[in-house]
Amino acid sequence: MENLISLVNKIQRACTALGDHGEATALPTLWDSLPAIAVVGGQSSGKSSVLESIVGKDFLPRGSGIVTRRPLVLQLHKIDQGSREYAEFLHLPRKRFTDFAAVRKEIQDETDRETGRTKQISSVPIHLSIYSPNVVNLTLIDLPGLTKVAVEGQPDSIVQDIENMVRSYIEKPNCIILAITPANQDIATSDAIKISREVDPTGERTFGVLTKIDLMDKGTDAVEMLEGRAYRLKYPWVGVVNRSQADINKNVDMIAARRREREYFSSTPEYKHLAHRMGSEHLAKMLSKHLEAVIKSKIPGIQSLISKTIAELEAELSRLGKPVAADDGGKLYAIMEICRSFDQIFKERLDGTRPGGDKIYNVFDNQLPAALKRLQFDKQLSMENIRKLITEADGYQPHLIAPEQGYRRLIESSLITIRGPAEAAVDAVHSLLKDLVHRAISETLDLKQYPGLRVEVGNAAVDSLERMREESKKATLQLVDMECAYLTVDFFRKLPQDVDKGGNPTHSIFDRYNDSYLRRIGTNVLSYVNMVCATLRHSIPKSIVYCQVREAKRSLLDHFFTDLGKMEPKRLSSLLNEDPAIMERRSALAKRLELYRSAQAEIDAVAWSK
């Protein structure tokens, strides 16, 4: 029993230290899944005295009105007989308190730090662990006392605020409710019973405790209550006799108070038959035994929750990436591996494993042909321009058979306009490659971890694409220039001659400058230009793929890798400077994962030993 409850206490302390309140997960938290006992009662119902009787130490603040202004999570740990008792606060992890008067003062001071020296309340709990050979292993949560009216110095909402805080604890299905009710008060007006019944109508989680039995009016007793006849709960009521104010003033110790309590029940005729299940010692043992039983029944659910949460934490840690290596070689290797991951994603985008590469084909299959089709040769092949160029090309001596120089000038002036669509195709593919780089960067999880490296890799990739664009543009425009530089002679040899068309070769050479003749020249030139466009429609994509797409797949980060090898260690380290928020998040997740794995191992060991 003690080992199981100690284990739960240990896990609860670790959860609290890590602030494990379900951040970034829809799963219930481990803390919420672990059973605990919440102490509920009205102000001055004797809650604090019950807790002190269970602990056997005088350590809680006292006074009139609202004294408990913050939840106190009290974990009791049984240690070996003869060991010295001590207490520890979670907010003072390296300090042990052996003077319990100092514990009381620290509770008061820590409350004031959160709420100020007012009568305000706070839902932020104080966590206190007490180690003693005179306690049973137990976790108790002391909550502010329920009240019906606000007193001076308190907001009007204090009544509802306290009730909401109490409900936030006792509504949890794993919370055991310890309802404290004074015996000298009508049970129908008990704040503790009222709120407990609302959240636990069947009484499955509620234990009733009657205080101040010794202060009842003469001629009255609490037998009907203790026997469950006045108000029945699933578990038997327990009566306790706390120290009186006079005992407290006289510093009567808890050992003597417990002895006096036992004597009271065993010597009072009305309660003698119930004495075996009365008193704070019996209450502590009963709660400890019940807590152990509840924990055992919850083990399968706790194991399932831990397994799910471990998987979730591991997935998030994997997404955040590994921590930075300490040595320069490790850092260089890490950068290279991250760059390879980015490069692989980029290639997958191009090759179709991931979407994106198909847009490049769209440039070749739709945009380029449409741009070539939209080219207007009206200006170059207008009658006026044809006559002008033919005449200028003839010079002082008109052509004899065909105006070859005129043809060349007309063809060159038309073909030169193809440079525009060719350049546009290069730029369009460059833009798409840049977009694929940015997408690959956003999909490379490790690059999210290192903003500096992400920027450097992005800049290096874009610089490479710029160099490839310039090479591609040069090669692609050369294709156009080649067509201008050397015409396909066979095309013109196959053109019909004047005689074949029924023309009269005896006409004056000057007759060949008439509109019909010039129109036929324009038609021939247009046919030739269209043939060249059809050829370039296929050769331009080949040039672009060779100079840009193929090179991007083959050597996108080659220049960056060369620079990386020459980089100073300090500069290398700066590339792996993480976002501080990610570092903090990873550290917190790693600690939480360690906690859950440890809890899993220990709970599994307990489960197997049952």
Side-chain angles (χ1 to χ4, degrees), residues 37 39-60 62 67 74 76 78 85 100 130 132-136 138 140 142 145 177-187 189-193 206-233 235-290:
I37 301 171
V39 185
V40 181
Q43 286 183 20
S44 303
S45 62
K47 285 191 305 88
S48 296
S49 295
V50 170
L51 285 173
E52 288 184 334
S53 294
I54 290 173
V55 176
K57 286 291 178 184
D58 189 356
F59 68 98
L60 292 173
R62 293 186 176 275
V67 177
L74 175 63
L76 306 180
K78 187 174 182 64
E85 298 172 306
F100 282 81
I130 294 179
S132 169
N134 303 317
V135 298
V136 293
L138 205 56
L140 298 162
D142 185 22
I177 305 168
L178 193 62
I180 310 296
T181 299
N184 57 356
Q185 173 186 318
D186 186 351
I187 190 66
T189 64
S190 170
D191 296 315
I193 292 299
T206 303
F207 284 82
V209 178
L210 275 184
T211 61
K212 304 186 180 182
I213 293 176
D214 55 326
L215 301 180
M216 295 180 73
D217 294 337
K218 287 186 178 181
T220 62
D221 60 55
V223 173
E224 284 194 0
M225 282 294 298
L226 294 174
E227 290 181 347
R229 286 182 281 133
Y231 185 82
R232 181 172 294 279
L233 292 172
Y235 305 102
W237 284 82
V238 177
V240 297
V241 175
N242 298 324
R243 292 182 303 166
S244 66
Q245 189 59 48
D247 292 335
I248 294 171
N249 294 339
K250 293 176 184 177
N251 291 323
V252 174
D253 65 50
M254 288 296 177
I255 303 300
R258 283 179 177 177
R259 185 175 61 251
R260 191 177 300 174
E261 182 184 45
R262 288 193 300 271
E263 290 171 355
Y264 175 84
F265 285 111
S266 61
S267 62
T268 303
E270 291 86 357
Y271 307 122
K272 188 178 292 187
H273 67 293
L274 300 171
H276 64 285
R277 60 179 181 84
M278 295 292 118
S280 54
E281 285 183 291
H282 170 76
L283 176 62
K285 290 175 182 176
M286 180 186 68
L287 291 175
S288 183
K289 184 177 181 180
H290 181 75

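Not measured: the values here are computed from a predicted model.
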Start with the C-alpha gap between Tyr264 and Ile213, add the side-chain angles, then the distance that decides, and say whether side-chain contact (heavy atoms from CB on, under 4.5 Å) holds. CA-CA 10 Å; Tyr264 175 84; Ile213 293 176; 3.8 Å; yes
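- Using a 4.5 Å heavy-atom threshold, the side chains of Val135 and Ile54 count as separate.
- Glu261 and Ser53 are not linked by any side-chain donor-acceptor pair at a separation below 3.5 angstrom, with hydrogens and angles left out of the test.
- Asn242 and Gly46 get closest at one heavy-atom pair: ND2-O, 3.8 Å.
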One pair to check against side-chain contact (heavy atoms from CB on, under 4.5 Å): Asp217 and Asn184. What are the steps and the verdict? CA-CA 7 Å; Asp217 294 337; Asn184 57 356; over 6 Å; no
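- You'll find the side chain of Ser49 stays beyond 4.5 Å of the side chain of Arg243, heavy atoms only.
- Counting all heavy atoms, side chain and backbone alike, Ser48 lies closest to Asp142 at OG-OD2, 4.4 Å.
- Contact of the Leu226 side chain with the Met278 side chain is registered, since non-hydrogen atoms from C-beta on lie closer than 4.5 Å.
- The salt bridge (charged side-chain N to carboxylate O under 4.0 Å, His left out) search around Arg232 returns none, not counting sequence neighbours.
- For the pair Lys57/Ser132, no side-chain contact is recorded, criterion being any heavy-atom separation below 4.5 Å from C-beta on.
- Heavy atoms only, all atoms of each residue included: Asp186 and Thr189 are closest at O-OG1, 2.8 Å.
- Side chains of Val238 and His282 form a contact here, defined as non-hydrogen atoms less than 4.5 Å apart.
- Here the CZ atom belonging to Phe59 is positioned 6.0 Å from the CD atom belonging to Glu52, to the nearest 0.5 angstrom.
- To the nearest 0.5 angstrom, Ile180 atom CD1 is 8.0 Å from Lys47 atom NZ.
- For Leu76 against Val136, the heavy-atom pair with the smallest separation is CB-O, 3.4 Å.
- Take Arg262 and apply the salt bridge (charged side-chain N to carboxylate O under 4.0 Å, His left out) test, not counting sequence neighbours, and it matches Glu281.
- One finds the OH atom of Tyr235 at 9.5 Å from the CE atom of Met286 (value rounded to the nearest 0.5 Å).
- Summarising the geometry, atom NE2 belonging to His276 is positioned 13.0 Å from atom OG belonging to Ser266; distances are rounded to the nearest 0.5 Å.
- Contacts classified as side chain to side chain donor-acceptor pair (under 3.5 Å) and involving residues 206-215 (residues at least two apart or in different chains) are given here: Asp200-Thr206.
- With sequence neighbours excluded, the residues satisfying salt bridge (charged side-chain N to carboxylate O under 4.0 Å, His left out) with Glu227 are Arg229.
- Nearest heavy atom pair, residue Tyr271 against residue Met216, reads OH-SD, 4.2 Å.
- Listed here is the closest heavy atom pair of Gly279 and Val240: C-CG1, 3.9 Å.
- For Thr268 (side chain) and Phe265 (main-chain N/O), no donor-acceptor pair under 3.5 Å exists by modelled atom type.
- Annotation: side-chain contact (heavy atoms from CB on, under 4.5 Å) contacts of Ser190 (sequence neighbours excluded): Thr181, Gln185, Ile187, Ala192, Ile193.
- Residues Phe207 and Leu283 fail the side-chain proximity criterion, which asks for heavy atoms closer than 4.5 Å.
- The side-chain heavy atoms of Leu74 and Val39, taken from C-beta on, include no pair separated by under 4.5 Å.
- Taking the side-chain contact (heavy atoms from CB on, under 4.5 Å) definition, one finds that Pro133 meets it with Ile79, Gln81, Glu85, sequence neighbours left out.
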